[in-house]
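In each ligand, atom 1 is the first atom listed, and ligand 1 is the first ligand listed.
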Amino acid sequence: MAWNGRHFLSLDDLSRDDMLGLMQRASHFLDAGDRYEPDEPLSGKIIANLFMENSTRTRCSFTVATKRLGGDYVDLLGATSSASKGETLVDTALNLEAMGVAGIVVRCSEENGPQEVAVNVGVPVINAGSGTTSHPTQALLDAVTLTRYFGSDDLSGQHIAIVGDIAHSRVARSNVVGLTKLGAKVTFVGPDELLPNDANCDTSSEFDSVLSDVSGVMMLRVQFERGATTSEDYRERFGLTEERFANFRGAVMHPGPINRGLEIDDSVANIESSPHNLILSQVTSGVATRMAILENLIG
Ligand code: CP
């Protein structure tokens, strides 16, 4: 399905030019920073954050983005909603729509939950992370962060390693789609048991040999809550340790939240460790990217 600009559900729906249009608008918001003078495209509109799974970065940045565009928001969190009484995701969304919200931001465990909501409601739906397959706003903000770091929208010639618990990572799956559209080569790195069988890019279990060839690393959290397990030597084999970091001069990213001392050493994760540490830049890009998406769909 081609992107129709009505919902934002998957990067598979967007062309390279669709991505670049949103990324350039996000870059405009980043450049404007505190000097951004809103024309308030969301004035009088309420955005519903329908989060059936926990979130810090995604939910708060949608909230900040909505407010910066002059809109208001309502939060509906799974644990305190009537989903705990068995109400379905679609019924929940239909009730929010009946209250007059202008758009619904959905995070859920169902792989196609946002798509199901989108075919049942009449307002724009944005996928804020679904199951283990899709986190398109994260991948778009990562693309914004990386293209600004490299100084080019064209990532041809760049090679990005996505490292860790790929099997449970919607960030990895959306990023391989987005980064490939922009021309980058992507390699998934991790222990065999945390690599997917259906990867649509190169895979490796040898971090050091891949690290010597890449211009950026995206370290991923081991998702213990989804059943991942690690061996005793996980940090030594797959962690971005101080020793590895000392010899690496590319972009360092992590979508958060971080297991400090496991997939990335404490000192490496700290922002002052290096100008190549983009971890908090990703968070800043997240607000601007979500502003661009909200403005495009709802503004
Ligand atoms: N990166 C990300 O999705 O973080 P949250 O789960 O805190 O939203």
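For atom 6 (O) of ligand 1, the closest non-hydrogen atom on the protein side is R107 NH1, 2.9 Å. Looking at atom 2 (C) of ligand 1, its nearest protein heavy atom turns out to be T58 OG1, 3.6 Å. For atom 4 (O) of ligand 1, the nearest protein heavy atom (residue, atom name, distance) is R57 NE, 3.0 Å. Of the protein's non-hydrogen atoms, the one nearest atom 1 (N) of ligand 1 is P255 O, 2.9 Å.
Heavy atoms from other residues, nucleotides or ligands lying under 6.0 Å from CG of N197 number 12 at most. Annotation: E272, atom CD; neighbour count of heavy atoms from other residues, nucleotides and ligands within 6.0 Å is above 12. At most 12 non-hydrogen atoms from other residues, nucleotides or ligands lie less than 6.0 angstrom from CG of N54. When the shell of 6.0 Å around CD of E206 is examined, it contains 12 or fewer heavy atoms from other residues, nucleotides or ligands.
Taking every heavy atom of G256 and a limit of under 4.0 angstrom, the matching atoms of ligand 1 come to 1 (N), 2 (C), 4 (O). Listed by atom number, the atoms of ligand 1 under 4.0 Å from T56 heavy atoms are 5 (P), 7 (O), 8 (O).
Between R173 and H135, the side chains place no donor N or O within less than 3.5 Å of an acceptor N or O (distance only, hydrogens not considered). Using a 3.5 Å distance cut-off with no hydrogens or angles, the side chains of S156 and D154 do pair a donor with an acceptor.
Using a 4.0 angstrom heavy-atom cutoff, G129 does not count as in contact with ligand 1. Under the 4.0 angstrom criterion for non-hydrogen atoms, E53 is not in contact with ligand 1.
Geometrically, R107 does not engage F51 in a cation-pi contact defined by less than 6.0 Å to the ring centre and at most 45° from the axis.
Considering backbone and side-chain N/O atoms, S55 comes within less than 3.5 Å of an N/O atom of ligand 1.
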